[in-house]
Amino acid sequence: MADPKGFLNHGREVARSRPVEERKKDWNEVYVPGSLLPIISKQASRCMDCGIPFCHNGCPLGNLIPEWNDYAYREDWGAASERLHATNNFPEFTGRLCPAPCESACVLGINQQPVTIKNVEVSIIDKAWETGEVAPQIPERLSGKTVAVIGSGPAGLAAAQQLTRAGHTVAVYERADRVGGLLRYGIPEFKMEKRHINRRIEQMRAEGTRFRTGVEIGRDLKATDLRKRYDAVVIAAGATTARDLPVPGRELNGIHQAMDYLPLANKVQEGDYVTTPLSAEGKHVVVIGGGDTGADCVGTAHRQGAASVTQLEIMPRPGEERDAARQPWPTFPMLYKVTSAHEEGGERVYAVSTTHFEGDEDGNVQWLHLVEVEFVDGKLTPQPGTERRIPAQLVTLAMGFTGTDRENGLVDQFGLELDERGNIARDADFQTNVPGVYVAGDAGRGQSLIVWAIAEGRSAARGVDRFLTGASDLPAPIRPTDRALMV
């Protein structure tokens, strides 16, 4: 145990953010560099080393949280990094992007603020990179088997790294021009600078993983031809079919899916554009959708100089504290969350539904009409007399995703079966109905969190390894049927 009295002697402290007006002028990460290390030993000491560490239940990766908290408290960064990497291929991603269901399940959180598990995690991995603790793990011998991984998001990268380290020859196919999937083009730079992806890719290249960018399976290369080239295939293409908003005026110019808007801003940071072709500068921006993707649109619009930013959410505003009756510990509660993007300004409007859009004579959106809604008999019902309009010259739709891409032909060319939710069906080993073809991440699970994607990639890798060799020592932290700890 780190410090038996740590949770009694120290309160919760988190990373310090840079001033709003400073960070809105650039695209660097919002936190003050180096602000965590001076406080992280005390924060790690707050871990109670519980007899039953419920943080393990909250995290699908099975992270050894009490163990690396103890090492961080003692400032044994090498041992902490080893324990961290034992269950997580990319802790610098999860430490920045995960909403930390482990903290919601922290036993200390029953009557205090939980341990800053996420901050401890990112401190350990950043220190490990700084001190050279992170090195390529090159397999001792090759199996002679080949694997293709479709998609280079967190699930695909995790599966690829695990299979490469098991001795298989792995090639990752990515339809975008750079590796990283949504980590690269869906996550804004101010949430995670892309240098973190780049150095992991270099590590994977050094281990032997190969990358093929600009190749879309189904269009540029038929799925059937890919299957003939490789002994096994892992589909980690994500759930990229965005939910649309079929209301009058949807065809007006200026209304875009969030994943059409956000990647262009990231491409500016990559040097592909001087300015984005789709800018919020000087415009009244409306973001439809109250989740993390919506918040990413809010922060991006601020940095592009929007005249105003309004975020709409159809559900009522959540509470600021856990409802012990409806969302008891250790489940992941739905709470009112103020992200760094929300700190920077804008208005958030809850319990409203868009009725239609209004444009000018040139076909450009100018107004969004909405109505307040309430739950009546279990249904969202518009409230008469609450209709109004708000200015909207740029609208981004961030309402989630409904399944994997069907238009590129990948699903049909493989002949894959889908489940009742439209995801690619798989068995207990993550194998689809096509022998040797596996699925990991959102393509099989549906839209989920980064920790679930990495856990799926690791678990699917074990299934592939067993298929290729007859047995496997690779870990499988979850089953395809496992779900988050929620009510």
Side-chain angles (χ1 to χ4, degrees), residues 55-65 68 81-103 105 117-118 120-122 124-125 128-129 134 137 147 149-166 170 172 174 179-184 186-187 191-192 196-197 199-201 203-204 207 209 234-239 292 332 423 426 430 438-465 472 474-485:
C55 53
H56 289 191
N57 295 72
C59 178
L61 282 166
N63 281 334
L64 306 171
I65 295 167
W68 42 258
S81 174
E82 185 277 328
R83 291 287 78 193
L84 192 56
H85 281 103
T87 57
N88 188 351
N89 298 71
F90 314 115
E92 64 271 43
F93 301 167
T94 54
R96 287 174 166 81
L97 303 176
C98 181
C102 53
E103 294 186 15
I117 298 170
K118 180 176 171 179
V120 176
E121 178 182 28
V122 80
I124 294 170
I125 184 56
W129 279 108
V134 184
Q137 298 181 27
V147 182
V149 176
I150 303 173
S152 66
L157 292 179
Q161 188 168 63
Q162 292 294 95
L163 290 166
T164 297
R165 290 175 175 178
V170 180
V172 178
E174 169 57 54
V179 174
L182 287 182
L183 293 172
R184 174 75 65 181
I187 302 296
K191 284 183 67 175
M192 186 179 75
H196 301 296
I197 303 175
R199 62 187 178 187
R200 275 297 177 185
I201 298 307
Q203 179 200 35
M204 292 179 67
E207 292 171 348
T209 305
V234 179
I235 300 172
D292 288 339
F332 186 66
N423 304 314
R426 64 266 184 93
F430 292 80
Y438 292 72
V439 62
D442 291 1
R445 174 170 293 271
Q447 182 182 351
S448 190
L449 303 178
I450 184 172
V451 279
W452 283 93
I454 296 173
E456 288 241 345
R458 290 170 66 88
S459 298
R462 177 183 174 89
V464 173
D465 189 36
S472 180
L474 293 177
I478 61 170
R479 298 164 297 181
T481 53
D482 288 343
R483 291 294 180 264
L485 193 64

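Since the structure is predicted, the reported quantities are computational estimates derived from the model, not experimental observations.
Residues V464 and Q162 are not in side-chain contact: their nearest non-hydrogen atoms beyond the backbone lie 4.5 Å or more apart. Contact check for C55 versus I117: side-chain heavy atoms found under the 4.5 Å cut-off. Side-chain contact between M192 and I197: present, with at least one pair of heavy atoms (C-beta onward) separated by less than 4.5 Å. Contact of the L183 side chain with the I450 side chain is registered, since non-hydrogen atoms from C-beta on lie closer than 4.5 Å. Looking at heavy atoms from C-beta onward, P477 lies in side-chain contact with S459 at the 4.5 angstrom threshold. Residues E207 and Q137 meet the side-chain proximity criterion, which asks for heavy atoms closer than 4.5 Å. Considering only heavy atoms from C-beta on, L449 comes within 4.5 Å of P99 through its side chain. V134 is not listed as a side-chain neighbour of R199, based on a closest heavy-atom distance of 4.5 Å or more.
Closest approach of S472 to R462, counting heavy atoms only: O-NH1, 3.2 Å. Looking at every heavy atom in both residues, A440 comes nearest to V234 through CB-CG1, 4.3 Å. Of all the heavy atoms in I125 and E92, the pair that sits closest is CG1-OE1, 3.6 Å. Looking at every heavy atom in both residues, P60 comes nearest to I478 through O-CG2, 3.3 Å. Nearest heavy-atom pair, V439 versus G444, reported as atom, atom and distance to 0.1 Å: CG2-N, 3.7 Å. The shortest non-hydrogen separation linking L163 to A461 is CD2-O, 3.4 Å.
The side chain to side chain donor-acceptor pair (under 3.5 Å) analysis of residues 449-458, with sequence neighbours excluded, yields the pairs N89-R458, R426-E456, R445-E456.
Atom CZ of residue F93 and atom CD1 of residue I187 lie 11.0 Å apart, to the nearest 0.5 angstrom. Taking CH2 of W129 as the start and NE2 of H196 as the end, the distance is 10.5 Å to the nearest 0.5 Å. With rounding to the nearest 0.5 angstrom, the CG atom of N88 is 5.0 Å from the CG atom of L61. One distance of note links CG of L157 with CE of M204; it measures 5.0 Å at 0.5 Å rounding. Within the model, atoms CD of Q161 and CZ of R165 stand 3.5 Å from one another, a figure rounded to the nearest 0.5 Å.
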- Query: Going through the checks in order, is the side-chain contact (heavy atoms from CB on, under 4.5 Å) test met by C102 and N63?
  - Reply: CA-CA 9 Å; C102 53; N63 281 334; over 6 Å; no
*Steps toward side-chain contact (heavy atoms from CB on, under 4.5 Å) verdict (V172, V179)*: CA-CA 9 Å; V172 178; V179 174; 5.6 Å; no
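A salt bridge links R479 with D482: the distance from a Lys NZ or Arg NE/NH1/NH2 to an Asp or Glu carboxylate oxygen falls below 4.0 Å. Under the 4.0 Å criterion applied to side-chain N and carboxylate O atoms, K118 and E103 are not assigned as salt-bridge partners.
Under a 3.5 Å cut-off, the side chain of T94 and the backbone N or O of V451 do not form any donor-acceptor pair. With hydrogens and angles disregarded, a donor-acceptor distance shorter than 3.5 Å links the side chain of E174 to the backbone of S152.
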